[in-house]
Amino acid sequence: MEYSLADNKQTEDIAGTDKCKTIPQGLTSILVVTYNKLEYNKFCIESIRQYTEPDSYELIVIDNHSTDGTVEWLQGQPDIKVILNSENAGFPVGCNQGIKEAKGNNILLLNNDTIVTPNWLTNLTKCLYSASDIGAVGPVTNSCSNFQSIPCEYSSVEEMIRFARQVNNSNPELWEDRARLVGYCMLIKAEIIKEVGLFDEAFSPGNFEDDDYCLRIRKAGYRLVLCRDSFVHHFGSVSFREQANQYTSLLEVNKRKFAQKWGLPPHLAAPYQLTKDLEAGKWFRYQCEFSYYQHWIENTRRKFLSFIDQAEFSLLSGDLEKAVLVVKQAADYAYHSHPGFYISPRLELILRKVAKTLNSRVATHLPPKNMDKRNILHVLSQGCAANSHIKTLERWICMDSESIHSIIVTLNSTTNPQSVVEAAIRSGGWYTTLDTENLSLCQKGKALRDAAAMWADVVVLHIHPHDPVAPIAFGVAGGPPVVFVNHADQAFTIGMSAADIIADQRAVGQRITLSRRNINNSFLLPIPSGMPENVHDKKAAKKDLGIGEDSVVFLINATPYQLVACGEYSFLHLIKALINRYQDIEILVVGTSGVGKWTQLKRLSDKRIRVFDFQQDLNKFYSAADVFLDSVPLGSLAAALEAGALGIPVIGLATDFTEHFSGDIVPNSIKTHFPSHEELFTIIDKLVTDEVYRINEGKQLKSAILQYHHLGWQKNLNTLYSILPMTHQPTELSVVREQTATNSDIVWAYFQCRSGISRSNFG
């Protein structure tokens with residue numbers, strides 16, 4: 001391994017030295033226990049030398065009989081006090097040997113598989129001496145249990161040091177009381193060690209000695225504090241990693257030793273603090289978990305802003321295509337890893353500047369414009385038969401029979417369903433693709449702009465949140481008016497500022513547009529529903545699925561990521577409660593795989609819960625269903641709407657203050673989602689036990705959907721057309737800072753991480 005930290009050294013590494021003078025820190029004795037792993041030992045010790053104030057520490061290394069050259073290297077280091085053991089005495093014994101030799105006012109226990117960073121010890125010491133009742137403190141890291149890790153994304157020492165400089169800014173608001181600190185890096189006042197005593201060597205060679213010592217510090221009346229303003233890189237248990245089975249066995253043995261000594265297991269001896277905020281507590285049980293995702297958002301924000309810096313630099317350098325490509329990357333990243341805001345004025349401004357430079361004409365061959373009807377040009381990034389926004393597009397075309405509809409695809413046409421193409425052609429329009437023309441993103445933008453100017457009376461964007469083609473096409477004034485269909489309202493999106501009207505599909509999405517995106521030109525245009533059909537014979541459908549005709553059937557249609565458990569919102573717990581509560585119901589779950597926890601649940605339910613993979617045709621399931629249960633925690637508005645339109649009553653759990661996760665499918669008309677399990681089960685009781693009530697609820701919901709999402713939708717569409725300007729005029733942009741993250745943002749980031757939506761490498 002090539003070993004060097006020299007390239008990272010900068011003159012500001014000792015920043016904060018003046019602050020240290022106000023801290024009665026004295027000398028810190030840094031104890032490092034080594035056992036082989038020479039490369040790691042060198043990295044650790046060199047980082048101490050480089051990023052710790054000279055003369056503020058002594059370095060004591062206790063070697064447990066290394067045989068890989070570590071001993072010889074240590075003996076050649078004049079600034080290290082070396083203690084050599086003739087055998088591997090273990091971590092607790094080594095720490096005690098070092099403590100006995102230490103002369104410092106403070107003792108710093110540091111694993112040899114760490115790299116310390118600028119201001120690490122300064123910030124730890126400042127916290128340690130901020131109060132007389134603080135006994136020990138520890139930093140955050142990239143790899144650690146006990147929620148002491150923070151989201152990190154770096155791939156080299158240089159990147160890690162740059163990241164650490166952003167974290168290591170002393171801030172008492174980032175000091176967090178803990179019941180336990182992991183001993184990979186722990187700073188303890190020497191006077192506390194004199195009072196509490198040495199480490200318990202019964203836990204040798206290691207594990208749970210830090211749990212034991214933390215409990216002893218607390219019992220002596222002192223606090224433990226996690227310093228979120230100090231970061232140390234931790235490679236993670238390198239001494240144990242090569243002996244994984246022995247390590248697991250040792251964990252169990254020492255865990256039992258701890259329980260025998262204290263009369264309770266470690267997790268009860270050091271309980272986590274419950275989340276302080278009552279609303280957030282429904283999602284995060286512990287405050288440390290909530291704090292972790294606060295950091296998650298901060299770091300996604302940092303990475304997102306670094307994307308913007310790259311895009312702006314490319315723009316200044318005249319490389320417009322690269323600037324647009326980076327914007328696309330940034331938006332895709334922010335969509336999948338929530339940065340705490342829904343729109344970026346800086347990113348929109350980059351697209352706007354690129355839009356103004358597109359002058360060269362791209363050859364576009366289109367049929368002539370129809371002068372007798374309104375010509376609607378739909379812009380689609382990519383389609384898939386299972387996606388609700390494709391169904392919206394198809395129904396828009398079919399229901400708006402007074403217009404001619406055409407489609408341009410910008411990014412990927414290979415997955416588009418043929419039914420959408422046929423719908424456009426039947427209306428008298430056409431279908432064309434830009435992804436098959438070997439065009440750059442900028443060229444696609446210019447081709448789209450020219451096509452709209454030549455043919456369209458109105459442009460409707462059904463684009464993905466990271467698609468930059470339409471934003472640069474319509475980032476300048478002139479041409480037909482532009483409507484942006486906000487089908488992904490719950491997450492970050494680009495391109496809305498280039499539209500004349502935002503067509504929000506639900507009330508909560510409109511609230512996000514107005515309050516979190518600061519865009520005022522919003523119009524509520526619900527998801528369109530086709531003319532409701534009649535379901536097939538229910539008895540026959542149940543028989544076909546092997547269900548008794550007297551059973552009440554609950555149907556769920558959701559993808560696996562919508563059902564991931566988050567705090568109190570656990571779909572598995574919900575349907576388990578249903579099965580236990582009602583003996584005459586069966587539950588059909590469509591769209592997920594029947595493995596893992598589902599296998600056990602199916603067995604426990606005596607096969608009354610059945611799970612099916614994604615189904616293209618849901619007719620037999622809808623026909624058999626008596627009740628549609630919306631997914632938790634992330635609801636499926638389109639699926640619930642489709643069920644309700646067939647006369648199936650819909651029921652769901654509203655997810656508290658994070659209302660964009662789910663909501664009533666016919667707002668201000670029929671309540672379908674309830675804020676508590678108690679209210680939900682009160683309604684379910686009626687639906688299960690009263691067939692007349694159940695049928696009437698389904699009929700009322702079907703009628704309401706017909707009025708709001710079918711007949712009402714057509715009226716709303718005509719209103720939308722009527723309020724559009726004569727010519728396109730994008731929103732004026734000013735560079736403002738992105739909004740501060742709220743608790744709802746933290747929950748959304750948490751859900752993305754838990755469900756696997758996030759593409760981040762954090763953790």
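All heavy atoms count here, side chains included; hydrogens, waters and symmetry mates do not. None of the values given here were measured: they were computed from a predicted structure.
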*Could you tell me whether the side chain of V553 reaches within less than 4.5 Å of the side chain of F621, counting heavy atoms only?*
no
*Ignoring hydrogens and angles, tell me if any N or O in the side chain of S570 forms a donor-acceptor pair with the backbone of H573 under 3.5 Å.*
yes
_Testing the 3.5 Å rule here: is there a donor-acceptor pair between the side chains of D584 and S551?_
no
*What is the ring orientation for Y569 with W283, classed by angle as parallel under 30°, tilted 30 to 60°, or perpendicular over 60°?*
tilted
*Under 3.5 Å side-chain donor-acceptor pair for T682 and E679*: no
*asked:* Going by side-chain contact (heavy atoms from CB on, under 4.5 Å), I407 matches just one of L377, I397, T432. Which one?
replied: I397
*Heavy atoms of other groups near H677 NE2, more than 12 under 6.0 Å*: yes
*With no hydrogens and no angle check, is any side-chain donor or acceptor of E348 less than 3.5 Å from a backbone partner on G495?*
yes
_If only side-chain N and O atoms count, and only distance matters, is there a donor-acceptor pair under 3.5 Å linking S337 with Q752?_
no
*Fit a plane to each ring of F474 and H728, take the angle between them on a 0 to 90° scale, and name the class: parallel (under 30°), tilted (30 to 60°) or perpendicular (over 60°).*
perpendicular
*Does E642 come within less than 4.0 Å of K391, counting only side-chain N to carboxylate O?*
yes
*What's the spacing between I501 CD1 and L461 CG if we round to 0.5 Å?*
12.5 Å
*Is a salt bridge present between K538 and E549, judged by a nitrogen-to-oxygen distance below 4.0 Å?*
no
*On the ring face of Y721, is R374 found with NZ or CZ under 6.0 Å from the centre and within 45° of the axis?*
yes
*Establish, from distance only, whether the side-chain atoms of N716 and T719 form a donor-acceptor pair under 3.5 Å.*
no
*Enclosure of K671 NZ (heavy-atom neighbours >12, cutoff 6.0 Å)*: yes
*Between R506 and D489, does a salt bridge (charged side-chain N to carboxylate O under 4.0 Å, His left out) hold up when you go through it step by step?*
CA-CA 9 Å; R506 53 186 187 146; D489 58 24; 2.8 Å; yes
_Heavy-atom pair with the smallest gap, counting every atom of T410 and S381_ = OG1-CA, 3.3 Å
*Can you label the angle between the H464 ring and the H466 ring as parallel, tilted or perpendicular, going by 30° and 60°?*
tilted
*Would the number of heavy atoms belonging to other residues, nucleotides or ligands and lying under 6.0 Å from CG of N668 be above 12?*
no
_Going by side-chain contact (heavy atoms from CB on, under 4.5 Å), H389 matches just one of I527, L380, N486, V485. Which one?_
L380
*Would a 4.5 Å heavy-atom cut-off, applied to side chains only, mark I404 and N370 as touching?*
yes
*Do K542 and D626 sit within salt-bridge range, that is, some charged N less than 4.0 Å from a carboxylate O?*
yes
*asked:* Can a donor-acceptor pair be found, under 3.5 Å and without considering hydrogens, that links the side chain of R694 to the backbone of P649?
replied: no
*Does the side chain of N416 pick up a donor-acceptor pair with the side chain of S413 at under 3.5 Å?*
no
*asked:* In this structure, is the centre-to-centre distance between the rings of Y333 and F304 below 6.0 Å?
replied: no
*Can we call the ring centroids of H378 and H462 under 6.0 Å apart?*
yes
*What do you reckon, is CD of E422 surrounded by more than 12 foreign heavy atoms closer than 6.0 Å?*
yes
*Carboxylate-amine/guanidinium contact K373 D457, below 4.0 Å*: no
*Please determine if K620 forms a cation-pi arrangement with Y622, meaning its NZ or CZ atom is less than 6.0 Å from the six-membered ring centre and no more than 45° off the ring axis.*
no
*asked:* I want to know whether Y342 and W748 have ring centres closer than 6.0 Å.
replied: no
*Check whether any side-chain heavy atom of L604 lies under 4.5 Å from a side-chain heavy atom of I579, and answer yes or no.*
no
*How about P471 and I463: do any of their side-chain heavy atoms sit closer than 4.5 Å?*
yes
*For R285, look at atom CZ and say whether over 12 heavy atoms of other residues, nucleotides or ligands are found less than 6.0 Å away.*
no
*Ignoring hydrogens and angles, tell me if any N or O in the side chain of D630 forms a donor-acceptor pair with the backbone of H673 under 3.5 Å.*
no
*Under a 4.5 Å cut-off applied to non-hydrogen side-chain atoms, are Y708 and P667 in contact?*
yes
*asked:* ring pair (Phe, Tyr, Trp, His ring centres under 6.0 Å), that's the test. Do F492 and Y335 meet it? Break it down for me.
replied: CA-CA 5 Å; F492 182 91; Y335 175 76; 8.8 Å; no
*Do the non-hydrogen side-chain atoms of E586 and L545 ever get within less than 4.5 Å of each other?*
no
_Check: Q739 and N518 side chains under 4.5 Å, non-hydrogen atoms_ = yes
